[in-house]
S.K.: 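First, the structure itself, so that you have it in front of you.
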Amino acid sequence: MSIVTSCCTPGCEAKKQDKDISIQLYSIRDTIARAGYNLDSIFKGLAEMGYKGFEAANYSNGKFYGKTPEEFKAVAEKYGLTVLSSHTNRNLNAEEMASGDFTEALKWWEQCIADHKAAGMKYIVNPWCGRPGTLKELKTICDFFNEIGKMCNAAGLKYGYHNHSHEMVKVEDQVMLDYMIENTDADKVFYELDVYWAVMGKRSPVEFFNKYPGRFTLLHIKDHREVGQSGMVGFDAIFNNYKTAGVKDIIVEIEGCKGTTMDGAKASIDYLLNAPFVPASYEE
């Protein structure tokens, strides 16, 4: 199916290819909050823009945006959207970090995984981990992630980690993100590379793809504002190397925009739908 729309030149019409693009709902959190978590009009609007699914960012006390997992899934599917992924975490506290005992933390994850499965999620992604002071602490974090990943696998989900820029600096003598990738099991932990934060950390996304092929199941496609507006992120090189990276899904995330966040969501997907280097899908 193709979507017919106007192109950039006045009076010119072009066909935008239908593409498998999701959005991180954190991008439009202000719109969601103003709607009082009434998601119908928001999901309808995202679907009309051309988004196929989304990544949630509001799991709390067994609910997503105030809805049970089943209710949340139902309202998404009403508008043909895939409940693809979710950002949520319960990281280790200081006592757990010191002891290496994950027992209580994994109890929380057991319920979290069950709720995400009920909501129809394919992925659970940890959106943040602070920079530890030692490699011993970082190794403990990696071991913890492997345990969560094993639990997710058993439930039919996949577990990943999303970077910011602080993972591009060293802990002792090792770059944090490199160490994390090298000390987590590929069959238990994937990485959702945020391409904008990698660039802000002075690292090339393609460099990561070539160094750790197959580890980047998800990508956060992000720019300084709307996707494609700054010229600072080499999106053509990123998409030309998606097979090396192991990408299965892409997710737009918006740091800021000129108009409303829904305007930013529209401008971002329009750029990607029109970009000739963005494939229609990522499954072989």
S.K.: For side-chain contact (heavy atoms from CB on, under 4.5 Å), just list the numbers for K73 and E70, CA-CA rounded to whole Å, side-chain angles, deciding distance to a tenth of an Å, and then say yes or no.
M.R.: CA-CA 5 Å; K73 181 182 179 185; E70 294 79 9; 5.8 Å; no
S.K.: When you measure from the side chain of E137 to the backbone of G133, do you find a donor-acceptor pair of N or O atoms at a distance under 3.5 Å?
M.R.: yes
S.K.: What I want to check is whether the side chains of D263 and T260 have a donor and an acceptor closer together than 3.5 Å.
M.R.: yes
S.K.: For the pair D101 (side chain) and T103 (backbone), establish whether a donor and an acceptor sit closer than 3.5 Å, ignoring hydrogens and angles.
M.R.: yes
S.K.: In Å, rounded to the nearest 0.5 Å, how long is the span from SG of C257 to NZ of K266?
M.R.: 13.5 Å
S.K.: Minimum heavy-atom separation for A265 and I23, please, with both atom names.
M.R.: CB-CD1, 3.7 Å
S.K.: Just do the side-chain contact (heavy atoms from CB on, under 4.5 Å) check on I113 and Y159 with the steps written out, would you?
M.R.: CA-CA 10 Å; I113 292 167; Y159 178 72; over 6 Å; no
S.K.: Under a 4.5 Å cut-off applied to non-hydrogen side-chain atoms, are Q174 and L135 in contact?
M.R.: yes
S.K.: Is there a side-chain contact between I141 and M97, using heavy atoms and a 4.5 Å cut-off?
M.R.: yes
S.K.: Using modelled atom types and a 3.5 Å cut-off, is there a donor and acceptor pairing between side-chain atoms of S85 and backbone atoms of E55?
M.R.: no
S.K.: Between W128 and H166, is the gap from one ring center to the other below 6.0 Å?
M.R.: yes
S.K.: Would you call M168 and M200 a side-chain contact if the rule is heavy atoms closer than 4.5 Å?
M.R.: no
S.K.: Would K107 and E104 satisfy salt bridge (Lys or Arg N to Asp or Glu O under 4.0 Å), going step by step from the backbone distance to the final call?
M.R.: CA-CA 5 Å; K107 287 179 183 177; E104 289 303 314; 3.0 Å; yes
S.K.: Check the pair K222, E255 against salt bridge (Lys or Arg N to Asp or Glu O under 4.0 Å), reporting the backbone distance first and the verdict last.
M.R.: CA-CA 7 Å; K222 183 191 294 184; E255 285 294 311; 2.8 Å; yes
S.K.: Roughly how far, to the nearest 0.5 Å, is CZ of F144 from CG of L92?
M.R.: 4.5 Å
S.K.: Under a 3.5 Å distance rule, please check whether N183 uses its side chain to pair with a backbone N or O of K139 as donor and acceptor.
M.R.: no
S.K.: State whether a side-chain donor-acceptor pair under 3.5 Å links H87 with H162.
M.R.: no
S.K.: Search all heavy atoms of T88 against all heavy atoms of P127 and return the closest pair with its distance.
M.R.: O-CD, 3.5 Å
S.K.: Hydrophobic clusters here meaning ILVMFWY residues chained together by side-chain heavy-atom distances under 4.5 Å, can you tell me if Y271 and I238 are in one?
M.R.: yes
S.K.: Return each pair, listed once, that meets salt bridge (charged side-chain N to carboxylate O under 4.0 Å, His left out) where at least one residue sits in residues 198-214; pairs must be two or more places apart or across chains.
M.R.: D178-R203, D178-K211, R203-E207
S.K.: Answer yes or no: is there a side-chain heavy-atom contact under 4.5 Å between I269 and V252?
M.R.: no
S.K.: Can you tell me if K67 has over 12 outside heavy atoms packed within less than 6.0 Å of its NZ?
M.R.: yes
S.K.: Do you know which two heavy atoms are closest between E226 and G264, and how far apart they sit?
M.R.: CG-CA, 3.9 Å
S.K.: Determine whether Q24 and I254 satisfy the following criterion, side-chain contact (heavy atoms from CB on, under 4.5 Å), listing intermediate values before the conclusion.
M.R.: CA-CA 8 Å; Q24 164 56 254; I254 304 164; over 6 Å; no
S.K.: If I take atom CG from residue L46 and atom CD1 from residue I28, how far apart are they, to the nearest 0.5 angstrom?
M.R.: 4.5 Å
S.K.: Is it possible for you to say whether V206 and V175 belong to one hydrophobic cluster, with membership spreading through side-chain heavy-atom contacts below 4.5 Å?
M.R.: no
S.K.: Any sub-3.5 Å donor-acceptor pair from D185's side-chain atoms to K188's backbone N or O?
M.R.: no
S.K.: For Y282, which of D249, T217, V247 qualifies under side chain to side chain contact (heavy atoms under 4.5 Å, CB included)?
M.R.: V247
S.K.: Is there side-chain contact between P132 and M176, with at least one heavy-atom pair below 4.5 Å?
M.R.: yes
S.K.: Hey, what do you get for NZ (K122) to SG (C152), rounding to the nearest 0.5 Å?
M.R.: 14.0 Å
S.K.: Looking at every heavy atom in both P279 and Y242, which two are closest together, and how far apart are they?
M.R.: CG-CE2, 3.7 Å
S.K.: Indicate the atoms forming the closest heavy-atom contact of F64 with D115, along with that distance.
M.R.: CE1-O, 3.9 Å
S.K.: Under a 4.5 Å cut-off applied to non-hydrogen side-chain atoms, are Y161 and I181 in contact?
M.R.: no
S.K.: side-chain contact (heavy atoms from CB on, under 4.5 Å) for K63 and E71? Distances and angles first, verdict last.
M.R.: CA-CA 9 Å; K63 293 187 175 182; E71 291 169 342; 5.9 Å; no
S.K.: So which heavy atom on T244 is nearest to which on F209, and how close?
M.R.: CG2-O, 3.4 Å
S.K.: Check whether more than 12 heavy atoms from other residues, nucleotides or ligands sit under 6.0 Å from atom CG of N61, and answer yes or no.
M.R.: no
S.K.: Will you find, in the side chains of D187 and N153, an N or O donor that is under 3.5 Å from an N or O acceptor?
M.R.: no
S.K.: Give a yes or no on whether V169 and V195 share a hydrophobic cluster (residues Ile, Leu, Val, Met, Phe, Trp, Tyr; joining criterion: side-chain heavy atoms under 4.5 Å apart).
M.R.: no
S.K.: When you compare the side chain of Y196 with that of M232, does any pair of heavy atoms fall below 4.5 Å?
M.R.: yes
S.K.: Only counting residues at least two apart or in another chain, list the ones meeting salt bridge (charged side-chain N to carboxylate O under 4.0 Å, His left out) with K44.
M.R.: E48
S.K.: Does E182 CD have over 12 foreign heavy atoms under 6.0 Å away?
M.R.: yes
S.K.: For E167 and H164, indicate whether the former's side chain and the latter's backbone hold a donor-acceptor pair under 3.5 Å.
M.R.: yes
S.K.: Should side-chain heavy atoms under 4.5 Å link Ile, Leu, Val, Met, Phe, Trp and Tyr, which residues sit in the same cluster as L218?
M.R.: L84, Y123, V125, F190, I251
S.K.: Verify, without hydrogens or angle tests, whether D223 (side chain) and G228 (backbone) share a donor-acceptor contact under 3.5 angstrom.
M.R.: yes
S.K.: Using only atom types and a distance under 3.5 Å, with no angle test, would you say the side chain of K78 pairs donor to acceptor with the backbone of F43?
M.R.: no
S.K.: Looking at Y26, Y65, F72, which hits side chain to side chain contact (heavy atoms under 4.5 Å, CB included) with N58?
M.R.: Y65
S.K.: Output yes when a side-chain donor or acceptor of T82 lies under 3.5 Å from a complementary backbone atom of G53, and no otherwise.
M.R.: no
S.K.: Are the side chains of Y191 and M180 in contact, using a 4.5 Å heavy-atom criterion?
M.R.: yes
S.K.: Find the distance between CD1 (I221) and CG (D194) and round it off to the nearest 0.5 Å.
M.R.: 9.0 Å
S.K.: Looking at CG of L157 and NE2 of H116, how far apart are the two atoms once the value is rounded to the nearest 0.5 Å?
M.R.: 8.5 Å
S.K.: Between R90 (side chain only) and L106 (backbone N and O only), is there a donor and an acceptor less than 3.5 Å apart?
M.R.: no
